[in-house]
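Numbers restart at 1 for each chain; the letters A, B, ... are given by sequence-line order, proteins then strands. All values below come from the heavy atoms of this structure, side chains included, with hydrogens, waters and symmetry mates left out. Predicted, not measured: the structure shown is a model, and the values here were computed from it.
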There are 2 protein chains.
Amino acid sequence: MAGSTERDHSTAAYAILGLLSVHGPHTIYDLKGLIEGSIGYFWTFPHSQMYAETKRLETAGLIRADAEAGGRGRRVLHVTDDGRRALEAWWRREDGGETEIRDLGLLKLFLADPADGAGVAELAARQAAAHAERLALYTDLADDATRAEPSMRAAYRTVDLGLSYERAAVAFWRSVEADFG
Amino acid sequence: MAGSTERDHSTAAYAILGLLSVHGPHTIYDLKGLIEGSIGYFWTFPHSQMYAETKRLETAGLIRADAEAGGRGRRVLHVTDDGRRALEAWWRREDGGETEIRDLGLLKLFLADPADGAGVAELAARQAAAHAERLALYTDLADDATRAEPSMRAAYRTVDLGLSYERAAVAFWRSVEADFG
DNA sequence: GAGTGGACAGTCCAGAATGGACTGTCTAGA
DNA sequence: TCTAGACAGTCCATTCTGGACTGTCCACTC
């Protein structure tokens, strides 16, 4: 494994490569903030993982880290040519795996006590409210997206699917609430 | 930690408790199959994790495992009263955390090379097809659901949200394909 | 200029998750 | 009786995870 550039990498690794490629050099900390305001709306990467993953990418030669001259001497990450190539290969690869929707409310609905109609109605009300909040957030994001750089066109399209899901979720939970309340 | 019944448990643990509670005693292997045909459509739990988790649940006194008399002497899991109580407490707890939609296609769309319109169109076509397949599968599941026990009413409602998401995803990817193709 | 609190930036760490390989037993079929 | 494949579970090395911790910087106050 060590030193091999043919080894596959985690999803977080490609997210890091992709963001550095499109947005240019960033420190890990800033990259983490960038992810929180974008990809993080649909796919999260834990703090420690970011640091571990960038170490692995550096070892594999897919990124290069330069220390800043002043202040804290933060490490600024640059994607290498090998990194760009690996990113592109991954990107063009046939996708495997299916969408996983990790929604705790949905899991709780599935595991509901069959005798507890009132509990289900209450769960549904809470979920409807939470999803309505998320919907409002995505609506704001969609407004921002209309002012985005044309080069970010594809990236901002992802907000549309988020909007659709949240609209569906609000409607779904309201209907569950109506049926069990 | 060891022996404490106040300790929080993982999501997988509650899934196991919930299924044993509603569906009655099962071996781990069968439970795993049950999950694959239900919860597994929106939330997966790896094989090894099932075994590790049931060990932890047993240690915590939330499940009891009896060996079958004949054949392989498989371990049949029963939920205990403590287990039912823990499940209910979790179920009634305010939900935290937000829905995570781990969709590799969506991530790739976000990370698309801004100059590669044709690549985006191709990705979109593949994704539209994959989601259409999933939609067909969920449509079949929804048909099954109409014949289900009334006691499974809430559980089968989860298929509705899956259907809505997949319909939205198909429409979304077709629209992306049209825009970038 | 000195002191200070909080933000920044990253590291540590123990337990859990993960995926694939492996092992032994059972069972149906030849 | 033998055998191949399914069943049922274990092993294991690596990575993930979340929270705690540490040291430095920097803006503000005195």
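Along DNA chain D, the nucleotide nearest to A:Phe45 and the one nearest to A:Gly73 differ in position, and the one closer to the 5' end is contacted by A:Phe45.
A salt bridge is absent between B:Arg72 and B:Glu68; no separation between the charged side-chain nitrogens and carboxylate oxygens falls under 4.0 Å. Salt-bridge formation is not detected for the pair B:Asp66/B:Arg74: no Lys NZ or Arg NE/NH1/NH2 atom is positioned less than 4.0 Å from an Asp or Glu carboxylate oxygen. Under the 4.0 Å criterion applied to side-chain N and carboxylate O atoms, B:Glu88 and B:Arg93 are not assigned as salt-bridge partners.
Here the closest heavy-atom approach between residue B:His26 and residue B:Gly24 is recorded as ND1-O, 2.9 Å.
Closest approach to the B:Ile28 side chain among C:dA17, D:dT17, D:dG9 is made by D:dG9 (side chain taken as heavy atoms from C-beta onward). Checking C:dA17, C:dT18, D:dC16 against every side-chain atom of B:Pro46, the shortest atom distance belongs to C:dT18.
For the pair B:Arg74 and D:dA6, the criterion of a side-chain N or O lying under 4.0 Å from OP1 or OP2 is not met. Here A:Arg75 does not reach the OP1 or OP2 of C:dC8: none of its side-chain N or O atoms lies under 4.0 Å away. Of the side-chain N and O atoms in B:Tyr51, none sit less than 4.0 angstrom from OP1 or OP2 of D:dT10.
Distance B:Met50 CE to C:dG19 C1': 16 Å, rounded to the nearest Å. In this structure, NE2 of A:His9 is placed 21 Å from P of C:dT18, rounded to the nearest angstrom. One atom, CD1 of A:Ile16, and another, P of D:dT15, lie 14 Å apart when rounded to the nearest Å. Note: CD (A:Glu68) to C1' (D:dC26) measures 15 Å, nearest angstrom. When the C1' atom of D:dG18 is taken as reference, atom CD of B:Glu100 falls 14 Å away, rounded to whole Å. Nucleotide C:dA17 holds its P atom 13 Å from the CZ atom of B:Arg102, rounded to whole Å. In this structure, the CD atom of B:Gln49 is 15 Å from the P atom of D:dT10, given to the nearest Å.
For A:Glu122, the side chain to side chain contact (heavy atoms under 4.5 Å, CB included) partners at least two apart in sequence or on another chain are A:Arg126. Partners of B:Thr80 according to the side chain to side chain contact (heavy atoms under 4.5 Å, CB included) rule, which considers only residues two or more places apart in sequence or in another chain, are B:Arg64, B:Asp82.
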Set out, in order, the CA-CA distance, both residues' side-chain angles and the distance that settles side chain to side chain donor-acceptor pair (under 3.5 Å) for A:Arg84 and A:Ser21, then state yes or no.
CA-CA 7 Å; A:Arg84 283 180 205 275; A:Ser21 196; 3.0 Å; yes
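Using a 4.0 Å heavy-atom cutoff across all strands shown, A:Lys55 reaches sugar-phosphate atoms only and no base atom.
Taking a 4.0 Å limit (strictly below) on heavy-atom distances, residues 33-42 of chain A does not reach DNA chain C anywhere.
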Given protein heavy atoms under 4.0 Å, the one-letter contact record of nucleotides 20-25 of chain C, with B base, S sugar-phosphate only and - none, is simply B---BB
Cut-off 3.5 Å, no hydrogens considered: what does the side-chain donor-acceptor table look like for residues 172-179 of chain B, sequence neighbours left out?
{"from": "B:Ser175", "atom 1": "OG", "to": "A:Arg157", "atom 2": "NH2", "distance (Å)": "2.4"}
{"from": "B:Asp179", "atom 1": "OD2", "to": "A:Arg157", "atom 2": "NH1", "distance (Å)": "2.5"}

Listed pairs under 3.5 Å, donor-acceptor, residues 161-171 of chain B side chains, sequence neighbours left out:
{"from": "B:Ser164", "atom 1": "OG", "to": "B:Asp160", "atom 2": "O", "distance (Å)": "3.2"}
{"from": "B:Tyr165", "atom 1": "OH", "to": "B:Asp103", "atom 2": "OD2", "distance (Å)": "3.1"}
{"from": "B:Glu166", "atom 1": "OE1", "to": "B:His131", "atom 2": "ND1", "distance (Å)": "2.6"}

